[in-house]
Structures are given as structure tokens and as C-alpha cells.
Amino acid sequence: MTGDRTDCLVIGAGAAGAVYALQAARAGLHVTLITGARELHASNSLWAQGGIIYDEGDGDLLRADIDAASGHSANPAAVDAIVRDGPRLVRELLIADLQVGFDRDAEGALRFTREASHSRHRIIYAKDHTGRAILTALHERLAELADAGALPGGGSLTVATGCFAVDLLTLSHSSVDFLDRYRPLSCIGAHVLDVAAGEARPLLAKKTVLATGGLGQLYLHSTNDAGAYGHGVAMAYRVGARVIDMEYVQFHPTVFHRRGERPFLISEAVRGEGGVLINHGGEAFMERYHPDGSLAPRDVISRSIHSELLRGASDTVYIDLSGVDADYARARFPTINARLLAAGVDMTREPIPVVPAAHYSCGGIHTDMAGNTNIAHLSAIGETACTGLHGANRLASTSLLECVVMGATAARRHAAEIAADADFHLPAVRPWVMAAAEPDEELITQDLSVIRNTMWHYVGLVRTAKRLDRAGNLLRELKSEIDGFYADNALTPRLLALRNAVQTALLITYAALRNPRSTGCHYRNDSLDRARPRT
């Protein structure tokens, strides 16, 4: 990492951060993008299998589908922005500019598929690795810009891997000038840990953009990237950002599960193409729970699977592809097929064993569709943000679309604001003082395990007041221990993960406890807390 000042500091290199960095640099801004990964491409976006919505047809129909999936709690302004701007940005940026390799038929027309809760086929895809296809195209273009130096519009892009944001800098918390505390609450960058250099340095920025992804690794079972601990939410909360809807953690219903094998996502598109959920006895059980069967909303399917597992003799349910042509299934889902074969499962001959797992955070840092938070010059985009688009439950294949729209919109807004105001106040800040002691890795491992087990069993698919109270008590005590541990030790990526994980876990737990109404992803069954009669 070089340089201590930039126009725009982007924290996170997934789809949202990459789109923002690309568009901001092209608009003439000096952009510094940091990622803790050793390579640019590691993020949740990489694992997105199903596809991205590209619907230039009836916008009202898409609005209705998003609203229905959300439990009729989606923010109309966010839905309107996605419906209005999404098709144009997909067409202009992903298809025409980046030329992402979406699947096409023999005549060259885009292929469309359908996923759960969609009323028609409107999702374009690249086999079963759409996220990888989009992110690879974005990262290749970012590498070109970084290598080019100064760009035609006067902008530039610096990419720093192996760098972790530690804490956000604000005028109130970080400036060496005492009087800056009386200015409006404003973000001026972040302290950044450069792992290779072994030090944390301030990086000042006119605009700071949190694009740190999700929080699935707070749970015992997750589809998320290994670094998804809710970093952005925790950092923003510590400096006073508004955080909302944290109780709405979406569980993906179908994640491959076999003892001794690594779990991985089985795309919803597998059911969209004709896969049917069956239980241990071979029964297609979803029709008992919802009229849409295996294409019911994700939260309904996840809880239905939970019920089946409680009443059955197996620790999994299955996806049956016997009604789908075997050659078509292998061609449509080559990545999933290869991973299943490596685990000893031939999906064309036997059902796929699956369980639910934490997948997506519908809540996060409160923003508008341009990523603006309640803190001046601090933005959040993608899964880190909460625009209200998803309400209480996310419609399939909206997440990548939201990343594209938010990244592009925020970049455009920032370019205009920076051009209009040359007097951004970026004062000297207090340096980071690194402790000398190396943290005990075994303690970090154990504490992360406690968080994951607590969240899975008490703040998971089915919640009750007693479970949430227990989780809150455990996590508060653990946070006190972690805060002391953090203060006394040198910074490491895993120590940062632990600190942010316990804070974000508490935010989810508090939100779940304060919301007694079951909606979408958040399901309260407090009847389970009632004392059972003695027998």
C-alpha cells in the first residue's frame, strides 16, 4: 500500500466495490481499492451461482415479485431504482462493455432462467458460475486501469491486496485538532493494516466506501466467503452509523451436506430447471408447505426443511434431478456437477443431499441507492448496505443487480460532489499504536467457534425469546473478553475478524430480540418457550 491520501477509498473488491472503483476511476477520480485477500478476486460475489436479473419487460411485474418475496416490506424507492436503472446498467456495463460470457442459444440470443418466487424467466446466467464470470471481467478491467497509470479523464486506480481496514477515521474520533469534534460527523478514511509491512497506517480519503460483503461466517453453516464476518457493519456502527434490519439473515435452503466433505451452494437454478426437493423417504414434501412447491420463497423452504429434519430419520433432505435430462443437467451446471462428482455424488443418478445455511444479510448499514449513510462522506454499497430493497427477505438474483446499480450510482454521485467542492477537510490524524504481544491463535479459534455455535442454535432459522436472551448474555460477556484481548495484542486479520464478528453478532441478536413479529427471514416461535406439562 502506497500513499496516504486519495479521493476515494474503497474497502472490499467484490461486485459492488469493483463496479464503483471502475466507474469512479473512469469519471476522473483517484481511487484506492483495498482488499484483505491475497488475490483480488476473493469475495462473496465470486460464489454467486444462479444469475442476475435482466428484465426489460414489465417493470410492475418485477416490482410485485420483489415485494412479495420481501414479505411486502421492501422499500418502494429502492425497488423503483433497481427496476429503472438495472436493465440499462446490465446492458451497458456487463453485456456491451465488459462482455461477460452469459449463456446464449445457437442464434446468439441470451438464455433466461427462472428462480424461486419469480413469475417468469428473467435471469441471465453464465452456466452455474455467474458471480465468477462477472467478477473476473470486472477484475480484469480493473487490472488494466491500474497498469495504465493516469487515465484519459485524469483519474487513477491503485489496488492494494493483503490490506485490512481496522477502523474508520472521523473528524470526531481521529483528528489531532480538538476543535474538529464540533464539525458535522464526517468520515475521512480509515486506518489500514498492511499485513506484509506489519503495520497500520491512516489512509485519508474524501469519500470512503464500505463494500465488505456479508456476515455468513458468524454461523456454523454458511455459503459465504471465509472472510464474511460483517466487517463493514461493525466498523460503521462503532463510529455512529445507523444500522437497520439486522435480524433479516437469509438462509439458503440447499447447501451440499455430507459428513467429511466440504459444504458448497447448490444453486436455486437447479430447482428452477426442474429439481425437486424430497425427504429421506423419497416424498416431494414442499407441496405440503407452500403452493409453489420447490420454488417457494427461500425462507419458507429453509424452515420446511428444518421441520422435515426434525420429524425424519435423516440429517439431510435431497434434490431429485431424475426428471431433468442428464446431458442437459451436466451442461447447465458443470461446476456443481464437478464438485459433486469429486465428493462421490452423481447428480444425474442419485439425489443431492442438502441442508440450509446462512447465505445473505438483508439488513446492514442504512443507505439510499447512492450508498449515502448518516455520516458525511461515508458510503456503503452491496450487501454491506441496507437500502430496504430486500425488506425481510431477498428475491433470488437481485443481489448482483443491486451491487451493479449501487456501485455505479455512488461513483457517479461522488464524481459530481468532488468536482463541485475542492475544500474537503482532511486533517492530520492520530497514529495507530500497535501492541507488541502476538495474539493466541487458539483463543481466537475458540471464540469464533463460540460465536458460530451461539448464532446457529439461538439466532438461526427458528428463534424464541429465551434463545435470543441466552445468545445476548453469552455474546455480551464474550465481547467484554474480546475487547480486552484486542487491546492487548498486535493486529492480525483473524483478530480483526473476531472483534468485528462479536459486534455484528450482537447487532443481529438485539434486532431479533426487539422484533416479535415473524416476517420473511426472521421467524419467531415463542411458543417453544412455554413450559411443557409433565408426563
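Numbering starts at 1 and runs along the sequence shown.
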What are the two closest heavy atoms between [X] and [Y], and how far apart are they?
X: A126; Y: G101; result: CB-O, 3.5 Å
X: V176; Y: V429; result: CG1-C, 3.6 Å
X: Y458; Y: L474; result: CE1-CD1, 3.8 Å
X: T367; Y: A385; result: OG1-CB, 3.7 Å
X: T509; Y: A471; result: CG2-CB, 3.9 Å
X: A78; Y: G388; result: CB-C, 4.3 Å

V255 and H221: side chain to side chain contact (heavy atoms under 4.5 Å, CB included), yes or no, with the steps?
-> CA-CA 9 Å; V255 173; H221 303 293; over 6 Å; no
[X] and [Y]: side-chain donor and acceptor closer than 3.5 Å?
X: R463; Y: H522; answer: yes
X: S175; Y: H425; answer: no
X: T445; Y: R494; answer: yes
X: N500; Y: H231; answer: yes
X: S186; Y: H377; answer: no

Using a 4.5 Å cut-off on heavy atoms from C-beta on, say whether the side chain of [Y] contacts that of [X].
X: I52; Y: L94; value: yes
X: V239; Y: C187; value: no
X: M235; Y: L378; value: no
X: P427; Y: I188; value: yes
X: R339; Y: F333; value: no
X: H252; Y: Y360; value: no
X: R38; Y: T161; value: no
X: N393; Y: C521; value: yes

Spacing of [X] atom [atom1] and [Y] atom [atom2] [to the nearest 0.5 Å]:
X: Q503; Y: I451; atom1: CD; atom2: CD1; result: 10.5 Å
X: Q250; Y: E383; atom1: CD; atom2: CD; result: 9.5 Å
X: D447; Y: R499; atom1: CG; atom2: CZ; result: 14.5 Å
X: N473; Y: L478; atom1: CG; atom2: CG; result: 12.5 Å
X: L340; Y: I266; atom1: CG; atom2: CD1; result: 4.5 Å
X: C8; Y: Q23; atom1: SG; atom2: CD; result: 12.5 Å

Sub-3.5 Å donor-acceptor pair from the side chain of [X] to the main-chain atoms of [Y], do we have one?
X: T384; Y: T212; result: yes
X: T335; Y: D128; result: no
X: D421; Y: E417; result: no
X: T208; Y: G189; result: yes
X: R5; Y: L426; result: yes
X: N374; Y: G240; result: yes
X: D180; Y: L171; result: no
X: N489; Y: F485; result: yes
X: T6; Y: H30; result: yes
X: D103; Y: K127; result: yes

In plain terms, say whether D97 and R26 are close enough for a salt bridge, that is, a side-chain N and a carboxylate O under 4.0 Å apart.
-> yes
Of L204, L33, I34, L210, which is the lone residue that meets side-chain contact (heavy atoms from CB on, under 4.5 Å) with L9?
->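 For L9, the side-chain contact (heavy atoms from CB on, under 4.5 Å) test succeeds with only one of L204, L33, I34, L210, which is I34.
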Among V90, I124, I123, I82, which residue meets the side-chain contact (heavy atoms from CB on, under 4.5 Å) test with I53?
-> I123
Take E261 and F256 through the side chain to side chain contact (heavy atoms under 4.5 Å, CB included) test and state the conclusion after the steps.
-> CA-CA 9 Å; E261 299 290 344; F256 173 72; 3.8 Å; yes
Does the side chain to side chain contact (heavy atoms under 4.5 Å, CB included) test come out yes or no for L491 and F164, once each step is laid out?
-> CA-CA 10 Å; L491 296 178; F164 293 81; over 6 Å; no
Could you tell me whether R258 atom CZ has more than 12 heavy atoms of other residues or ligands within 6.0 Å of it?
-> yes
Mark yes when over 12 heavy atoms from residues, nucleotides or ligands other than F102 sit less than 6.0 Å from its CZ; otherwise mark no.
-> yes
Start with the C-alpha distance between V459 and Y219, add both sets of side-chain angles, then the distance that settles side chain to side chain contact (heavy atoms under 4.5 Å, CB included), and finish with yes or no.
-> CA-CA 9 Å; V459 199; Y219 286 87; 4.2 Å; yes
